[in-house]
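See below for the structure under consideration.
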Amino acid sequence: MIKVTLKDGSVLECEDGASVFDIAAKISEGLARAALGALVDGKVVETNYVPARDCSLQILTFKDEEGRRIYRHTCSHVLAQAMKSVYPTVKLAIGPAIDDGFYYDFDFTTPISLEELDKVEEEMAKIIKADYKLERFVLPRKEALELMQSYGEPYKVELINDLPEDAEISFYRQGNFVDLCAGPHLRSTGMIKAFKLTSLTGAYWRGNEKNKMLSRVYGTCFDKKSELTKYLAAVEEAKKRDHNKLGRELGIFMTDEKIGQGLPLLMPKGERIFRTLTRFVEDEEDRRGYVRTKTPYMAKSDLYKVSGHWDHYKEGMFVIGDEEKDDEVLALRPMTCPFQYTIYNNGLKSYRDLPIRYGETSTLFRNESSGEMHGLIRVRQFTLSEGHIICTPEQLEEEFKGAVDLIKFMLRSIGLQDDVTYRFSKWDPNDTKKYINEPEIWAKAEDAMRKILDHLGINYVEAVGEAAFYGPKLDIQIKNVHGKEDTIITVQVDMFLAENFDMTYIDENGEKRRPYIIHRSSIGCYERTIALLIEKYAGAFPVWIAPTQVKILSLTDRTVEKAEEIARQLEAFGIRCETDTRSETVGYKIRSAQLEKVPYMLVVGDKEAEKGVVSVRRRGEGVLGEMTLTDFRDRVLKEVADRRLD
């Protein structure tokens, strides 16, 4: 007999040779039917796994993330089997489970279209109905290679060749289909209840743009048809909110092939949003004691060699010139820190001068791979609300708290405060090439940051390997409408670069000391933030952010001049207005303004002009009735001052 400790702490005695499925059945038949796998001593295993000794065990169902990944991974194998059946010459690459489903990468002799996925789905349904058992088997390296070569699968052969010499090479068979895979999987294909193939895109083999472009088929699956229906409805809603589509339709930004990937053009409406946010940020930072700098967009490689970017970040930079041929090599800046440190070093500093809070609206450049480009969220040129706080070690915690307070204020102001999570990003001591390799300083910096985060009461997760090359970070994470997570804002503790730049201050004893540095943003990358706001509000921005706050509609040709006069009066108070004086019906003009998602519409006809009033409509509220222009102006200005979000 073996003793199995369950999730609730109770202990179950089971016979030797009992599988996870047998143990689940001993607990309850319902649990056995729902069991997709298990956590045995923390390791994810299949239901046919047999514990060899006493262990802890948690049965995994579709309610558990690990259970869903087993379910979806098996569905990706069903997709691969179906694809091989429909297109026998297709080559298989990889097919993992992902957060909201699965995908599989294929190399087709002739590319297929999205419409052709219908017949693949039909074949998948047959495989599921056949209820093939998934059987795991292991082969020595030579036999594994021979098997995949016999099947004509070059990508699988490459994967096997890249495995460590002592790796266990496992395969799964379902019916007449065999795939290289570490598992785990479901007991049989018939356990899949509801699935849907959702999209077809291109993807470079192993994510490297130098490799061949493959076809990636995405799908999702659920244990209930009702859950699949609900998910697909949410996906359709997400498509409507997708900033890459909606932002273009609303005239906020555009791209052009002649300009290049990752280089979006902000159109007049987009520029107005950008200007509103930057002025708001800069004014708030000024109120909080920041001093502003304006630094060059490029510098000699000498500067980046001092900062460490040349050794640790060169691949992500745009370099101008050739080190072997040119006397002077320049690079576009990926960050502003080296420039602001140079300003700090211009003159001796006393402890009385600290902290110094430098702020800059920085245009930055990062050589992102072409496959990573996405609308305004991931670009090659972007604008950051960047800042560096140079302080004494004693001031570090208070200044870090101040940076976080500013960030929370910004997030509340734009309405994203409830959409973010916090990540404590640490270095990876097993991958020191990515970082300045000073373990003692890393330990000191991470201990200091953890202490500060705990004092702030921030609910965070830890992530090894996500730190900057020069220090740990607090990353504020957010998901777009499609569920992809990105960092929107970051705060970093840096105990290295003051040494690199020989930055000092004179302490109260007249001794030279190294300052600490906090790298921080306040609202993040403006382009990414605008993208997230488009999706958050589906383009219907709060009044204070909206590119056009008021649309003035003339009812007749006789009131065109009055409409334009009203616009001038409102604009004098900083209210962003447009007029619609076309010879169209007022209903047509109202619908046009609604499609543009303008917060306020003012209708001006003969009656309104004679009475000296405007007829007011508000987005989401309908007709508000007649108001004097002064009352309406004060209403809008109050909403802007209060940064009202609805």
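Counting from 1, the numbers follow the sequence of the chain as shown. Side chains included, hydrogens not; waters and symmetry mates left out as well; all remaining heavy atoms used.
- In this structure, Ile414 and Trp544 have side chains that are in contact, with non-hydrogen atoms separated by less than 4.5 Å.
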Between Phe424 and Met449, is a side-chain contact (heavy atoms from CB on, under 4.5 Å) present by the stated rule, with each step listed? CA-CA 8 Å; Phe424 176 21; Met449 180 174 279; 3.4 Å; yes

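- Side-chain atoms of Thr529 come within 3.5 Å of backbone atoms of Ile523 as a donor-acceptor pair (strictly under, hydrogens ignored).
- For the residue pair Ser522 and Glu285, a side-chain donor N or O sits within less than 3.5 Å of a side-chain acceptor on the partner.
- At distances below 3.5 Å, at least one donor-acceptor pair connects side-chain atoms of Ser385 with backbone N or O atoms of Gly524.
- Between Arg412 and Glu284, no side-chain nitrogen of the basic residue sits less than 4.0 Å from a carboxylate oxygen of the acidic one, so the salt-bridge criterion is not met.
- Looking at Lys607 and Glu626, a side-chain N of the basic residue comes within less than 4.0 Å of a carboxylate O on the acidic one, giving a salt bridge.
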Which donor-acceptor pairs under 3.5 Å do the side chains of residues 456-463 make with protein atoms, sequence neighbours left out?
| residue | atom | partner | partner atom | Å |
| --- | --- | --- | --- | --- |
| Tyr460 | OH | Asp454 | OD1 | 2.9 |
| Glu462 | OE1 | Lys426 | NZ | 2.6 |
| Glu462 | OE2 | Arg450 | NE | 3.4 |

Test side-chain hydrogen bond (donor to acceptor under 3.5 Å, both in side chains) applied to Glu209 and Ser369, step by step: CA-CA 7 Å; Glu209 60 188 2; Ser369 64; 5.1 Å; no

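- Side-chain polar atoms of Arg248 and Thr255 form a donor-acceptor pair below 3.5 angstrom.
- Across Val550, Thr579, Val613, a single residue satisfies side chain to side chain contact (heavy atoms under 4.5 Å, CB included) together with Leu602, and that is Val550.
- Residues His243 and His374 are in side-chain contact: their nearest non-hydrogen atoms beyond the backbone lie under 4.5 Å apart.
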Derivation and outcome, side-chain hydrogen bond (donor to acceptor under 3.5 Å, both in side chains), residues Tyr218 and Asp100: CA-CA 10 Å; Tyr218 282 97; Asp100 58 353; over 6 Å; no

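- Within the model, atoms CD1 of Ile252 and CG of Leu265 stand 14.0 Å from one another, a figure rounded to the nearest 0.5 Å.
- Residues satisfying the side-chain contact (heavy atoms from CB on, under 4.5 Å) test with Lys479, not counting sequence neighbours, are Glu485.
- Applying the ring-ring contact (aromatic ring centres under 6.0 Å, His included) test to every pair with at least one member in residues 567-617, sequence neighbours left out, gives these pairs: Tyr600-Phe632.
- Remark: Arg72 is positioned above the aromatic ring of Phe222, its terminal NZ or CZ atom under 6.0 angstrom from the ring centre and at most 45 degrees off the axis.
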When you look at Thr295 and Glu360, which way does the side-chain hydrogen bond (donor to acceptor under 3.5 Å, both in side chains) test go after all the steps? CA-CA 8 Å; Thr295 55; Glu360 183 166 334; 2.9 Å; yes

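- Side-chain contact check for Leu411 versus Ile489: some heavy-atom pair is nearer than 4.5 Å.
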Using the rule given for side-chain contact (heavy atoms from CB on, under 4.5 Å), can you reason through Glu368 versus Gln261, listing the C-alpha separation, both sets of side-chain angles and the distance that settles it, and then say yes or no? CA-CA 10 Å; Glu368 301 279 5; Gln261 282 188 304; over 6 Å; no

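- The backbone N or O of Gln477 lies less than 3.5 Å from no partner atom in the side chain of Asp475, so there is not a single donor-acceptor pair.
- With respect to the salt-bridge test (charged N to carboxylate O, under 4.0 angstrom), the residues Lys196 and Glu121 qualify.
- Nearest heavy-atom pair, Met298 versus Phe339, reported as atom, atom and distance to 0.1 Å: O-CE2, 3.8 Å.
- For His388 (side chain) and Gln340 (main-chain N/O), no donor-acceptor pair under 3.5 Å exists by modelled atom type.
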